[in-house]
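Contents: one structure, followed by commentary.
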Amino acid sequence: MNSPIAIDRNEILKRYKTIDKYTHKGIQGHALLVGGSYGKIGAMCLASKAALKTGCGLVTAFVPQCGYEIVQISIPEAMVVTDDHEKYISEIALNLDVNAIGIGPGMGQKMATQKALHDFLSNTSLPLVIDADALNILSHNPSWVALVSPRTILTPHPKELERLIGKWYTEEEKFGKTVVFSLVNQVVIVMKGAPTYIVDGEMIYVNTTGNAALATAGSGDVLTGMITSLLAQSYRSIDAAILGVYLHGLTADIALPETGYQSFIASDIIVNIGKAYLSLES
Ligand SMILES: NC(=O)C1=CN([C@@H]2O[C@H](COP(=O)(O)OP(=O)(O)OC[C@H]3O[C@@H](n4cnc5c(N)ncnc54)[C@H](O)[C@@H]3O)[C@@H](O)[C@H]2O)[C@@H](O)CC1
Ligand SMILES: Nc1ncnc2c1ncn2[C@@H]1O[C@H](COP(=O)(O)OP(=O)(O)O)[C@@H](O)[C@H]1O
Ligand SMILES: [Mg+2]
């Protein structure tokens with residue numbers, strides 16, 4: 001295994017793009033977030049708001065009908081399109097011009113949702129982030145991984161990774177299996193944890209930001225929104241993954257003196273994205 005490259009400020013400044021003075025929302029990128037189910041619409045609110053706060057020009061959330069008012073009221077800046085089903089996603093049918101898609105937060109794994117994911121993957125080649133229940137559905141249906149377009153980003157936490165690649169008994173075996181999965185399927189894998197590693201074939205990166213405050217509900221949903229936003233802003237997959245993970249961790253480092261570990265919640269990540277960006281400019 002190659003020794004990992006540390007994702008530090010220097011690595012970030014090689015990739016970070018400042019905002020063009022003459023940009024506008026029409027060219028700043030349109031991110032689509034797909035997910036949510038009854039009782040887990042909050043995951044989509046977090047991902048959608050995080051996408052907006054990471055800088056894309058437009059965000060649309062695709063949720064089951066029960067999520068319509070929740071998302072519209074909690075994030076007025078986001079647009080909402082609903083599935084035909086009340087409580088879960090049953091068909092991802094939408095006719096929108098978007099630049100990147102993040103799928104999975106709070107989505108559940110109903111059979112109809114599984115079929116919807118299959119049909120969606122068969123029909124999209126847009127830059128994509130696959131997280132949470134969308135990863136779990138792939139683990140249940142391993143042959144569907146072949147439908148995933150090259151350069152797609154997968155963001156498993158350790159349990160999701162295990163469901164995807166199988167059990168490992170040593171760290172070396174874990175990385176070996178993840179590298180093979182990345183090479184065979186041509187995907188970028190964000191191995192979330194403490195620390196987070198990013199695997200792009202044989203290239204392995206290790207993040208240097210973040211702390212235990214991030215061990216809180218929804219922090220991964222926020223990361224999905226952030227990386228999807230960066231993809232929508234035309235960052236390459238590997239750069240979106242690296243920059244997203246770094247900024248996400250940095251928010252917790254910035255907030256910690258005020259919140260402590262215990263009271264930090266996923267919404268505090270979103271609140272501090274601005275300060276994380278500003279620290280790159282100074
Ligand atoms: N407010 C909301 O609507 C929320 C919705 N969520 C959604 O709930 C669904 C289920 O996600 P979960 O991740 O909770 O369920 P999972 O069953 O995928 O994962 C939970 C289990 O994974 C293991 N695990 C997680 N992180 C680990 C780590 N760093 N090290 C070792 N083991 C670890 C633990 O054993 C834990 O019990 C997803 O769709 C997710 O997006 C969650 O993100 C929580 C917040
Ligand atoms: N102890 C920790 N130190 C640093 N980062 C952590 C720690 N615990 C969790 N994280 C980060 O928080 C996020 C958790 O993601 P995930 O488990 O998908 O949360 P959720 O599904 O609740 O949104 C990941 O980015 C992970 O790296
Ligand atoms: Mg998660």
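First listed ligand is number 1; within each ligand, the first listed atom is number 1.
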Among [options], which one puts a heavy atom closest to [atom]?
| atom | options | result |
| --- | --- | --- |
| atom 6 (C) of ligand 2 | Leu214, Ile269, Leu46, Asp221 | Leu214 |
| atom 28 (C) of ligand 1 | Ala215, Gly108, Pro158 | Pro158 |
| atom 22 (O) of ligand 2 | Gly220, Ala194, Gly218, Gly193 | Gly218 |

Is the closest heavy-atom distance from Gly220 to ligand 1 below 4.0 Å?
->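 For ligand 1, residue contact (heavy atoms, under 4.0 Å) with Gly220 is absent.
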
Is it true that Gly193 lies under 4.0 Å from ligand 1, counting heavy atoms only?
->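 It does not, in that no heavy atom of Gly193 comes within the 4.0 Å cut-off of ligand 1.
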
Atom [atom1] in [X], atom [atom2] in [Y]: separation rounded to 0.5 Å?
| X | Y | atom1 | atom2 | result |
| --- | --- | --- | --- | --- |
| Ile165 | Glu173 | CD1 | CD | 8.5 Å |
| Met107 | Leu33 | CE | CG | 12.0 Å |
| Leu280 | Ser282 | CG | OG | 8.0 Å |
| Ile269 | Ile254 | CD1 | CD1 | 12.0 Å |
| Trp144 | Leu138 | CH2 | CG | 8.0 Å |

If the plane angle is over 60° it's perpendicular, under 30° parallel, otherwise tilted; pick one for Tyr197 and Phe175.
->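 Tyr197 and Phe175: perpendicular rings.
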
Give me the nearest non-hydrogen protein atom to [atom] as residue plus atom name, then the distance to 0.1 Å.
| atom | answer |
| --- | --- |
| atom 20 (C) of ligand 1 | His157 NE2, 4.2 Å |
| atom 24 (C) of ligand 2 | Lys192 CD, 3.6 Å |
| atom 40 (C) of ligand 1 | Gly106 N, 3.8 Å |
| atom 39 (O) of ligand 1 | Asp133 OD2, 2.6 Å |
| atom 17 (O) of ligand 2 | His157 CD2, 3.2 Å |
| atom 4 (C) of ligand 2 | Asn211 O, 3.3 Å |
| atom 4 (C) of ligand 1 | Asp221 OD2, 3.9 Å |

For [X], counting its heavy atoms only, list the atoms of ligand 1 lying under 4.0 Å from any of them.
| X | value |
| --- | --- |
| Lys40 | 3 (O), 7 (C), 8 (O), 9 (C) |
| Arg163 | 16 (P), 17 (O), 18 (O) |
| Gly42 | 3 (O) |

Check [X] against [Y] and note the closest heavy-atom contact, atom names and distance.
| X | Y | result |
| --- | --- | --- |
| Thr224 | Gly102 | CG2-CA, 4.4 Å |
| Ala232 | Cys56 | CB-CB, 4.3 Å |
| Leu128 | Leu231 | N-CD1, 3.8 Å |
| Leu46 | Gly218 | CD1-CA, 3.9 Å |

Ligand 2 atoms in contact with [X] (distance to a heavy atom under 4.0 Å):
| X | answer |
| --- | --- |
| Ala212 | 1 (N), 2 (C), 3 (N) |
| Ser219 | 12 (O), 13 (C), 14 (C), 23 (O) |
| Ala215 | 8 (N), 9 (C) |

Where does Thr196 meet ligand 2, judged by heavy-atom distances below 4.0 Å: at the side chain, the backbone, both, or neither?
->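 Just the side chain.
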
When Ile12 is tested against each of Leu243, Leu247, Thr208 for side-chain contact (heavy atoms from CB on, under 4.5 Å), which residue passes?
->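 Running side-chain contact (heavy atoms from CB on, under 4.5 Å) over Leu243, Leu247, Thr208 with Ile12 returns exactly one hit, Leu243.
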
Which of these, Ser74, Cys66, Pro105, sits in a side-chain contact (heavy atoms from CB on, under 4.5 Å) with Ile41?
->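 Checked Ser74, Cys66, Pro105 against Ile41; only one passes side-chain contact (heavy atoms from CB on, under 4.5 Å): Cys66.
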
Min N/O separation Ile41 to ligand 1 under 3.5 Å |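 Between Ile41 and ligand 1 (N or O atoms, distance only) the closest approach is not under 3.5 Å.
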
Give yes or no for whether the N/O distance cutoff of 3.5 Å, strictly under, is met between Lys159 and ligand 1.
-> no

Check each heavy atom of Ala43 against ligand 1 and say whether those closer than 4.0 Å belong to the side chain, the backbone, both or neither.
->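 Within the 4.0 Å criterion, Ala43 contacts ligand 1 through backbone and side-chain atoms alike.
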
Is Ala217 near ligand 2, meaning one of its heavy atoms is under 4.0 Å from it?
-> yes

Does at least one non-hydrogen atom of His248 fall below 4.0 angstrom from an atom of ligand 2?
->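 His248: in contact with ligand 2 (<4.0 Å).
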
May I ask you to check whether over 12 heavy atoms, not counting those of Tyr68, lie within 6.0 Å of atom OH?
-> no

Is [atom] in close reach of the protein, with a heavy atom under 4.0 Å away?
| atom | answer |
| --- | --- |
| atom 18 (O) of ligand 1 | yes |
| atom 42 (C) of ligand 1 | yes |
| atom 14 (O) of ligand 1 | no |
| atom 2 (C) of ligand 1 | yes |
| atom 11 (O) of ligand 1 | no |

State whether the side chain of Asn99 and the backbone N or O of Ser234 hold a donor-acceptor pair below 3.5 Å, judged by distance alone.
->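 Absent.
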
Are a donor atom and an acceptor atom from the side chains of Gln28 and Gln233 found within less than 3.5 Å of each other?
-> yes

Side-chain donor-acceptor pair present, His140, Gln109, cut-off under 3.5 Å |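 The criterion, which ignores hydrogens and geometry beyond distance, is satisfied for Gln109 and His140.
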
Is a salt bridge present between Lys192 and Asp131, judged by a nitrogen-to-oxygen distance below 4.0 Å?
-> yes

